[in-house]
Number of protein chains: 2
Amino acid sequence: MSVEFAPLTIEPAYRKVAAAIGARILSRELREGERLPSETELARQFKVNRSTVREALRELESRGLVQRRTGSKLMSVSRPQQGAVAAGVSHALMLHDVTVRDLWEALTILEPPIAAGAARRRTDADLARLITAVEAFVAARADTEEAVRLTAGVFRCLGAATHNPVLGLAQEPLLQLLEPSLRVMIDEVPQARTRIATAHRRLLEALQARDADAAQQWMARHIRDFRKGYEIAGIDLEVRVET
Amino acid sequence: MSVEFAPLTIEPAYRKVAAAIGARILSRELREGERLPSETELARQFKVNRSTVREALRELESRGLVQRRTGSKLMSVSRPQQGAVAAGVSHALMLHDVTVRDLWEALTILEPPIAAGAARRRTDADLARLITAVEAFVAARADTEEAVRLTAGVFRCLGAATHNPVLGLAQEPLLQLLEPSLRVMIDEVPQARTRIATAHRRLLEALQARDADAAQQWMARHIRDFRKGYEIAGIDLEVRVET
DNA sequence: GTCGGTGAATTGTCCGACAATCATACGATT
DNA sequence: AATCGTATGATTGTCGGACAATTCACCGAC
């Protein structure tokens with residue numbers, strides 16, 4: 001008779017407290033912006049020490065579920081910010097030895113449909129932001145650092161123009177991981193800036209015309225160009241991405 | 001004369017400590033599995049109180065950068081686990097009012113290329129796992145809960161078979177968010193199980209033959225079927241996803 | 001070599017303390 | 001009236017110390 005017991009996990013109090021508060025936030029019982037009770041009050045309610053409450057708050061804080069509004073002492077409930085969540089994903093991917101090729105492949109899959117969706121659903125405000133971003137890229141030719149940021153910025157504009165938060169959040173980690181290799185590439189490949197600027201212009205035209213097919217095709221070409229740029233710059237596709 | 005000062009941010013000590021340790025992990029100076037010094041020792045090195053160290057550890061813990069190995073007291077460096085990272089993304093998306101339509105659109109974009117990549121790069125072990133998953137789905141027809149899990153499981157097998165961690169991690173939050181609506185659909189639509197099983201079989205055949213086109217097409221059809229299922233089940237596409 | 005005991009180290013939790021900061025109210029000044 | 005200074009109380013960030021429960025590392029008995 002095999003008497004087997006499942007290994008029982010003893011949750012420390014700080015995790016239970018975090019789970020209890022987190023559950024209330026995820027269930028929207030606590031709404032965004034609502035202020036949490038003070039640490040002392042939480043300690044009283046949960047019947048634990050304030051130190052325990054503080055450890056729980058640190059966990060919720062790093063998950064982006066609570067936040068301190070500037071110049072306020074009490075924590076308030078918040079929605080995790082896209083950038084912060086994506087940074088977590090980026091770090092995870094980096095530590096899992098993602099290669100430049102993996103990244104590039106994901107971009108080839110994700111970005112063309114995003115461009116198409118943006119062309120279909122962009123508002124005039126989206127278009128205006130894209131124009132600003134594209135013009136800024138042309139203006140920043142001299143400054144590599146700025147050019148890299150603005151290249152990612154154009155992608156972000158397109159992601160936002162799809163009005164689908166899933167797509168925006170899915171591409172964000174890729175953009176964060178892309179930047180280092182993009183920096184090398186823009187620095188090493190003389191014609192990179194011109195080709196990127198051209199792609200931007202075509203994408204912009206496609207969005208203006210709401211031409212999803214054109215947007216998709218130009219984006220696909222844009223991403224393919226990245227790969228060519230990597231090869232010219234001598235970046236090994238099998239090398240791990242860094243931050 | 002507009003004398004303007006940037007708002008200066010004062011970092012609390014617990015965040016500085018977390019940043020310091022986190023940076024060492026991200027730079028791979030601390031390798032996976034390596035054990036961290038004890039809390040007391042860290043407090044001594046950073047010249048802060050142990051409570052402060054503990055708050056920092058809670059942050060790193062929730063980011064998945066450190067972990068306690070079962071039956072060990074000392075924290076050890078770890079890579080964030082896919083499931084945990086994805087859960088954070090899922091929660092973020094949910095709180096950002098992602099709709100079933102948003103989710104479905106992302107699936108239509110992501111999954112067909114994943115299926116194609118899986119067909120191209122799957123190993124025999126991947127195939128074996130997929131066969132197991134598909135057979136388990138057929139066997140679990142009676143149990144809705146199990147059927148839902150196994151449907152997601154087939155997607156996960158395909159994601160893993162691409163051997164691209166970016167794709168695996170990109171789809172995971174979608175799968176997590178999909179489950180609740182999938183549960184309703186499978187329960188409400190009588191023919192859903194059969195159609196899903198058929199799709200699974202076709203995908204399996206495509207992977208066996210390493211036929212990327214077929215895999216992509218069947219997956220596209222599979223995802224389109226989901227949408228039909230939602231309509232039949234009377235699920236409003238504009239409704240927010242839940243957990 | 002395996003087993004079990006023993007003492008040190010470590011964590012989880014608690015308590016109490018205090019300076020710095022923030023919120024608020026209330027006058028005082030211009 | 002609007003602004004400023006001040007007093008008061010609440011709250012956070014940080015500290016020090018404490019202790020039970022658990023784990024670790026060593027050592028000796030068999």
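Protein chains get the first letters and strands the later ones, always in sequence-line order, with residue 1 at the start of each.
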* Structure fact -> Span of DNA chain D engaged by chain B, first through last nucleotide within the 4.0 Å heavy-atom cut-off, is dG13(D) to dC24(D)
* Asked: How large an angle, rounded to 10°, do the end axes of the helix from dG1(C)-dC30(D) to dT30(C)-dA1(D) enclose when each is built from five base pairs?
  -> 30°
* To do: Please name all residues satisfying side-chain hydrogen bond (donor to acceptor under 3.5 Å, both in side chains) with Thr40(A), sequence neighbours left out, ordered by chain then number.
  => none
* Asked: Taking only residues two or more places apart in sequence or in another chain, which ones pass side-chain contact (heavy atoms from CB on, under 4.5 Å) with Ala106(A)?
  -> Leu174(A), Val166(B), Leu167(B)
* To do: Taking only heavy atoms on the protein side, list every residue of residues 32-47 of chain B lying under 4.0 Å from any atom of DNA chain D, sorted numerically.
  => Lys47(B)
* To do: Tell me, please, which residues at least two apart from Pro165(A) pass side-chain contact (heavy atoms from CB on, under 4.5 Å).
  => Val98(B), Asp102(B)
Under 3.5 Å, sequence neighbours excluded: what are the donor-acceptor pairs made by side chains of residues 11-22 of chain A?
from, atom 1, to, atom 2, distance (Å)
Arg15(A), NH2, Glu61(B), OE2, 3.0

* Output all residues satisfying ring-ring contact (aromatic ring centres under 6.0 Å, His included) with His96(B), sequence neighbours left out; order by chain, then residue number. => none
* Is the shortest side-chain N to carboxylate O distance from Glu59(A) to Arg58(B) below 4.0 Å? -> no
* Which part of the nucleic acid, if any, lies within reach of Arg68(B) when heavy atoms closer than 4.0 Å are counted: base, sugar-phosphate only, or nothing? -> sugar-phosphate
* Asked: Using a heavy-atom cut-off of 4.0 Å to chain A, what are the terminal contacting nucleotides of DNA chain C, in 5' to 3' order?
  -> dG12(C) to dA23(C)
* To do: Could you say whether Lys73(A) or Asn49(A) is positioned toward the 5' end of DNA chain C, judged by the nucleotide with the nearest heavy atom to each?
  => Asn49(A)
* Asked: Who pairs with Glu146(A) by side-chain contact (heavy atoms from CB on, under 4.5 Å), at least two apart in sequence or on another chain?
  -> Ala140(A), Asp143(A), Arg149(A), Leu150(A)
* Structure fact -> By side-chain hydrogen bond (donor to acceptor under 3.5 Å, both in side chains), Arg183(B) pairs with (sequence neighbours left out) Glu145(B)
* Please list residues of residues 10-24 of chain A whose heavy atoms come under 4.0 Å from any atom in DNA chain C, ordered by number; otherwise none. => Pro12(A), Ala13(A), Tyr14(A)
